[in-house]
Novice: 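Pasting in a structure now, in structure tokens, and then I'll have a few things to ask.
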Amino acid sequence: SNVMKVLWALGELELPFERIDVGGAFGKTDTPEYRAMNPTGLVPTLQEDDFTLWESNAIVRYLGQVHASGSTLWPTDAHARATIDHWMDAQQTVLNRPMSSVFWGLVRTPPDKRDLIAVSAAIEETARAWRMIEAKLSRHAFIAGADFSLCDIPWGVHAHRWFGIDYQGLNRPELPALRAWYDRLCQRQAYQAHVMATPIA
């Protein structure tokens, strides 16, 4: 999901890039060369000549600053930018842990090894986070206002998983504004290419 954020941002900005797959099944994140770039051993890592940056939301903000500053994607107004910023951080502090538990518990864990009590609790906590977003989206088309902005990216990646996980026990609350927002994201070419094209597995 963190790699998807950066790829989607690059797609929205129509920036050329070279993708080098590491991490997970690809390995290579424990090598001295990779750890010299990113001491966490996680992905993604952005390299531009001699500049290296890691942490997905930091990379997305950097891309916005360099390539879209002053746009609706990353406005220069301090209040507008701070609003976008706090919603980006809220994805990591409020949504990331329970949503990851739902994903790993239902998608990456074999049925006979699932802890359905823990998964159920994670679903409930994830739904609370989405209700928070529902309240914003019931007033305007995107999380921070009328226009698509950088804070839609971190939440939008997880929305694809939330709506795409096929499991009978995943009781999603009725959140019509959230669903309509997700449907709008699904119309975006960069979302289709870098989020929807990746299997939920």
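Side chains are part of it too, since the values below use all heavy atoms of this structure and drop only hydrogens, waters and symmetry mates. Keep in mind it's a predicted model, so treat the numbers as computed, not measured.
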Novice: Given side-chain hydrogen bond (donor to acceptor under 3.5 Å, both in side chains), test Ser69 with Arg81 step by step and report yes or no.
Specialist: CA-CA 10 Å; Ser69 186; Arg81 184 170 289 191; 3.2 Å; yes

Novice: Considering only residues two or more places apart or on different chains, which pairs with a residue in residues 67-80 satisfy salt bridge (charged side-chain N to carboxylate O under 4.0 Å, His left out)?
Specialist: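 As it turns out, there is no salt bridge (charged side-chain N to carboxylate O under 4.0 Å, His left out) pair with a partner in residues 67-80 once direct neighbours are skipped.
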
Novice: Among all residues two or more places apart in sequence or in another chain, which pass the salt bridge (charged side-chain N to carboxylate O under 4.0 Å, His left out) test with Arg179?
Specialist: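 Listed in chain order: Asp183.
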
Novice: Between Asp152 and Ile143 (side chain of the first, backbone of the second, donor and acceptor by atom type, cut-off under 3.5 Å), is there such a pair?
Specialist: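 Side chain of Asp152 to backbone of Ile143: a pair is present.
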
Novice: Quick one: ring pair (Phe, Tyr, Trp, His ring centres under 6.0 Å) pairs with a partner in residues 54-87, sequence neighbours left out?
Specialist: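 Qualifying pairs: Phe51-Tyr62.
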
Novice: Can you give me the closest heavy-atom contact between Gly41 and Thr29, atom names plus distance?
Specialist: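 Residues Gly41 and Thr29, closest heavy atoms: O-CB, 3.3 Å.
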
Novice: At their closest point, which heavy atom of Pro75 faces which heavy atom of Ile84, and how far apart are they?
Specialist: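 Between these two residues, the closest heavy atoms are CD-CD1, 3.4 Å.
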
Novice: Can you pull out every side-chain hydrogen bond (donor to acceptor under 3.5 Å, both in side chains) where at least one residue sits in residues 103-115? Sequence neighbours excluded, please.
Specialist: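 Output for this query is empty, none listed.
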
Novice: Return the set of residues passing side chain to side chain contact (heavy atoms under 4.5 Å, CB included) with Arg35 (not counting sequence neighbours), or none when no residue passes.
Specialist: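 Asp30.
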
Novice: Enumerate the residue pairs fulfilling side-chain hydrogen bond (donor to acceptor under 3.5 Å, both in side chains) with a member in residues 127-141, sequence neighbours excluded, ordered by first and then second residue.
Specialist: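 Checked against side-chain hydrogen bond (donor to acceptor under 3.5 Å, both in side chains) - neighbours excluded - no pair reaches residues 127-141.
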
Novice: Taking only residues two or more places apart in sequence, or in another chain, which ones meet Asp147 in a side chain to side chain contact (heavy atoms under 4.5 Å, CB included)?
Specialist: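 Counting only residues at least two positions away or on another chain, Asp147 forms a side chain to side chain contact (heavy atoms under 4.5 Å, CB included) with Thr72.
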
Novice: Determine whether a donor-acceptor pair (N or O, by modelled atom type, separation under 3.5 Å) exists between the side chain of Asn57 and the backbone of Met88.
Specialist: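 Looks like yes, one N/O pair under 3.5 Å.
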
Novice: Identify the heavy atoms of Asn96 and Ser100 that sit nearest to each other, and give their distance.
Specialist: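 Taking every non-hydrogen atom into account, O-OG, 2.7 Å.
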
Novice: Could you check whether any side-chain N or O of Thr126 sits under 3.5 Å from a backbone N or O of Ala122, counting only pairs where one atom can act as donor and the other as acceptor?
Specialist: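 A pair under 3.5 Å: yes.
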
Novice: Tell me which pairs pass salt bridge (charged side-chain N to carboxylate O under 4.0 Å, His left out) where either residue lies in residues 45-54, with sequence neighbours left out.
Specialist: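 Output for this query is empty, none listed.
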
Novice: Which residues pass the side chain to side chain contact (heavy atoms under 4.5 Å, CB included) test with Ala58, sequence neighbours left out?
Specialist: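 By the side chain to side chain contact (heavy atoms under 4.5 Å, CB included) rule, Ala58 matches Glu55.
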
Novice: Just jot down the ring pair (Phe, Tyr, Trp, His ring centres under 6.0 Å) partners of Tyr182, sequence neighbours excluded, or say none.
Specialist: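 Once residues adjacent in sequence are excluded, the partners of Tyr182 under the ring pair (Phe, Tyr, Trp, His ring centres under 6.0 Å) criterion are Phe163.
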
Novice: Can you list every pair that meets side-chain hydrogen bond (donor to acceptor under 3.5 Å, both in side chains) and has a residue in residues 184-198, with sequence neighbours left out?
Specialist: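 Every side-chain hydrogen bond (donor to acceptor under 3.5 Å, both in side chains) pair that includes a residue of residues 184-198, provided the two are not neighbours, is Glu12-Arg188.
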
Novice: Closest approach of Ala197 and Ala193, non-hydrogen atoms and distance?
Specialist: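 Smallest interatomic distance, heavy atoms only, reads CB-O, 3.4 Å.
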
Novice: Partners of Arg19 by side chain to side chain contact (heavy atoms under 4.5 Å, CB included), sequence neighbours excluded?
Specialist: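 Listed in chain order: Leu7, Phe17, Asp21.
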
